[in-house]
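Step one of this worksheet: look at the structure below.
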Amino acid sequence: MSTLRDPADALLEWYDRHARDLPWRIGPGPRARGARPDPYRVWLSEVMLQQTTVAAVRDYFHRFTTLWPTVEALAAAEDGRVMGEWAGLGYYARARNLLKCARVVTHEHGGRFPETAEALRQLPGIGPYTAAAIAAIAFDRPETVVDGNVERVIARRFDIRTPLPAAKPEIAARAGELTPEARPGCYAQAVMDLGATICTPKNPACGICPWRDDCAGRLAGTAAELPAKTPKKPKPVRHGIAYLARRVDGAWLLERRPDSGLLGGMLGWPGSEWTEGDPAPAPPIRAEWRDVGAEARHTFTHFHLRLALRTALVPMERTPERGAFLPLEEFRPSDLPTVMRKAFDLAAKG
DNA sequence: AATGCGGGGTC
DNA sequence: GACCCAGCATT
């Protein structure tokens, strides 16, 4: 019989001492008395946390749960209002799917989230990771979560040198073997906390890691270099022109972008196509356009953008060819995605 | 299996 | 600057 402690127990003991206090978690006291976190809050936090750091999510989570405390309340919200509150968080398909999911849960599941990963997986915006996370954290199911943190922790612990994404099946299998039957929700959060605070991408703090004695990567000296990844393609630079038209009564000319594609469903300034060559001018209304000295620079997932800015003051009676004038009292700069917000700050206030 | 899809922290 | 992140949908 081995004298080695079960690795899951070692990690859970570490988690009990070091768990971060996060708004979507419940305290250790209530948890010990059998309380479970609200599935709505678990779901909302997990969707917000997709490819997004805890620091970026905090304020958004607080605003969303204040505005919409239940899934039914969110389901009844106006689309544009939700997109506006999501503005700045990125990956806007998440917000569209969030609303879809809230409405399905409200109208087809009686306002209750399904309790199995398989059933959760059928909902919009819920993939393998999020389904496992909700099932484990909210419903205490022994599901294995595999996110970027887990991939790094597992690749190091077992010294898996196959580059991602090819290594995903092996990593998932190893992660599954470690998942305990007891306290699966705590365990899932513990592995991710470990990856976020100790087993970090750079300069991992191996000396204080609860798994330091059975980490193959640490013993082999490869930990800090793992996981290996296939190289990414360089980002090209695209150029565009944005047109910020202000009507004499203070209204701004904006357009709602189509649901699919970049910044889908978000409010934005009308403009040219974004091309790697010179963009073709595309003023949305007849006016005397004035070039703003500065350009808005922004980096998206797969390209850099340099956006030239043009402004104009237009009279009341003139009608736009694209977009619609939004009255000043209905215009909130915070409803804009970041690149459009940068353009506004430069053109209107710069 | 590959690609499109944001933005901010961190080094 | 590049890299990374509590990934998902689409093709």
Side-chain angles (χ1 to χ4, degrees), chain A residues 20 22-25 41-61 83 86-98 100-101 120-134 136-138 143-153 163-169 172 175 185 187-197 199-204 224-237 257-266 268 274 297-305 336-342:
Chain A
R20 292 179 291 175
L22 301 176
W24 44 88
R25 290 184 175 170
R41 294 167 66 89
V42 173
W43 163 72
L44 179 61
S45 68
E46 290 300 341
V47 173
M48 287 183 167
L49 286 162
Q50 287 165 6
Q51 294 294 103
T52 310
T53 57
V54 167
V57 163
R58 275 183 194 275
D59 292 347
Y60 284 88
F61 181 81
M83 299 309 290
W86 197 275
L89 198 55
Y91 283 148
Y92 298 99
R94 292 186 296 173
R96 301 193 302 272
N97 285 328
L98 190 81
K100 279 188 203 166
C101 184
L120 287 159
R121 180 71 184 79
Q122 306 305 314
L123 294 167
I126 297 184
Y129 164 76
T130 307
I134 298 172
I137 297 169
E143 297 286 345
T144 301
V145 301
V146 183
D147 72 331
N149 284 306
V150 176
E151 286 179 346
R152 185 173 58 256
V153 170
L164 287 169
K168 279 175 182 285
Y187 176 80
Q189 295 175 89
V191 189
M192 293 189 284
D193 270 20
L194 187 70
T197 64
C199 197
T200 48
K202 295 177 182 177
N203 303 320
E225 320 301 325
L226 295 176
K229 300 203 172 180
T230 54
K232 303 176 180 173
K233 283 193 268 188
K235 293 176 180 166
V237 178
R257 299 172 65 87
D259 266 353
S260 65
L262 191 71
L263 306 179
M266 299 301 290
W274 297 346
R297 290 192 178 202
H298 191 73
T299 298
F300 291 95
T301 312
H302 53 293
F303 64 93
H304 303 287
L305 177 66
L336 297 173
T338 299
V339 66
M340 301 298 175
R341 177 70 182 275
K342 283 182 184 174

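The chains referred to below are lettered A, B, ... by the order of the sequence lines, with proteins before strands, and numbering in each begins at 1. Because only heavy atoms are used, hydrogens play no part in the values below, and waters and symmetry mates are left out as well, while side chains stay in.
Residues from residues 229-237 of chain A lying near DNA chain C, meaning a heavy-atom separation below 4.0 Å, are A:Lys229, A:Lys232 in numerical order.
You'll find a donor-acceptor pair under 3.5 Å spanning the side chain of A:Tyr91 and the base of B:dG6, going by distance alone. Remark: the A:Thr301 side chain and the B:dG6 base include a donor-acceptor N/O pair separated by less than 3.5 Å. Remark: the A:Thr52 side chain and the B:dG6 base include a donor-acceptor N/O pair separated by less than 3.5 Å.
If you check every strand for non-hydrogen atoms under 4.0 Å, A:Gly195 touches nothing. Residue contacts shown for A:Trp24 include a base, since a base heavy atom lies under 4.0 Å away. When heavy atoms are screened at a 4.0 angstrom cut-off, A:Gly264 is found touching no nucleic acid atom at all. Within the 4.0 angstrom heavy-atom criterion, no nucleotide atom of any strand lies near A:Leu305. Here A:Arg20 lies in heavy-atom contact (under 4.0 Å) with a base.
OP1 or OP2 of B:dC5 lies within a sub-4.0 Å distance of a side-chain N or O belonging to A:His302. Here A:Thr338 reaches the OP1 or OP2 of B:dG7: one of its side-chain N or O atoms lies under 4.0 Å away. Under 4.0 angstrom from either OP1 or OP2 of C:dC8 there lies no side-chain N or O belonging to A:Arg96. Here A:Thr130 reaches the OP1 or OP2 of C:dC8: one of its side-chain N or O atoms lies under 4.0 Å away.
Ring-centre distance between A:Phe300 and A:His302: not below the 6.0 Å cut-off.
With the nearest nucleotide of DNA chain B identified for both A:Pro165 and A:Pro337, A:Pro165 has the one nearer the 5' end. Across the interface with DNA chain C, nearest-nucleotide mapping of A:Lys202 and A:Arg25 shows A:Lys202 to be the residue nearer the 5′ end.
Between the side chains of A:Gln50 and A:Tyr129, no donor-acceptor pair is found at a separation under 3.5 Å. No hydrogens or angles considered: nothing links the side chains of A:Arg94 and A:Gln51 as a donor-acceptor pair under 3.5 Å.
Distance check on atom P: C:dA6 versus B:dC5 gives 23 Å, rounded to whole Å.
Between A:Lys168 and A:Val146 there is no side-chain heavy-atom pair separated by less than 4.5 Å. Between A:Lys100 and A:Leu123, the closest side-chain pair of non-hydrogen atoms is not below 4.5 Å. Two residues are said to be in side-chain contact when any heavy atoms from C-beta on lie closer than 4.5 Å; A:Trp43 and A:Ile126 meet this criterion. The side-chain heavy atoms of A:Met266 and A:Leu336, taken from C-beta on, include no pair separated by under 4.5 Å.
Remark: of the listed residues A:Val42, A:Leu44, A:Leu49, A:Ile137, A:Leu49 is the sole one forming a side-chain contact (heavy atoms from CB on, under 4.5 Å) with A:Trp24.
As rounded to whole Å, 10 Å separates atom C1' of B:dG6 from atom CE of A:Met266. In this structure, A:Gln51 atom CD and C:dC8 atom C1' are separated by 9 Å, rounded to whole Å. Distance A:Glu225 CD to C:dC4 C1': 15 Å, rounded to the nearest Å. Remark: C1' of B:dG6 and CG of A:Leu263 are 8 Å apart, rounded to the nearest angstrom. Rounded to a whole Å, the CH2 atom of A:Trp86 is 18 Å from the P atom of B:dC5. As rounded to whole Å, 19 Å separates atom C1' of B:dG6 from atom CZ of A:Arg297. Put simply, CG on A:Leu49 is 15 Å from C1' on B:dG9, counting in whole angstrom units. In this entry the distance linking CD of A:Gln50 with C1' of B:dG8 reads 17 Å, nearest Å.
For A:Arg20, the salt bridge (charged side-chain N to carboxylate O under 4.0 Å, His left out) partners are A:Asp193, not counting sequence neighbours.
A:Tyr92 places no side-chain N or O within 3.5 Å of a backbone atom of A:Leu262 that could act as its donor or acceptor partner. When atom types are taken as modelled, the side chain of A:Arg257 and the backbone of A:Gly268 share no donor-acceptor pair closer than 3.5 angstrom.
Of all nucleotides listed (B:dG6, B:dC11, C:dC8), B:dC11 comes nearest to the side chain of A:Asn203.
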For nucleotides 9-11 of chain C, tabulate all protein N/O to nucleotide N/O atom pairs closer than 3.5 Å, reporting atom names and distance.
unit_1	atom_1	unit_2	atom_2	d
C:dA9	OP1	A:Gly125	N	2.5

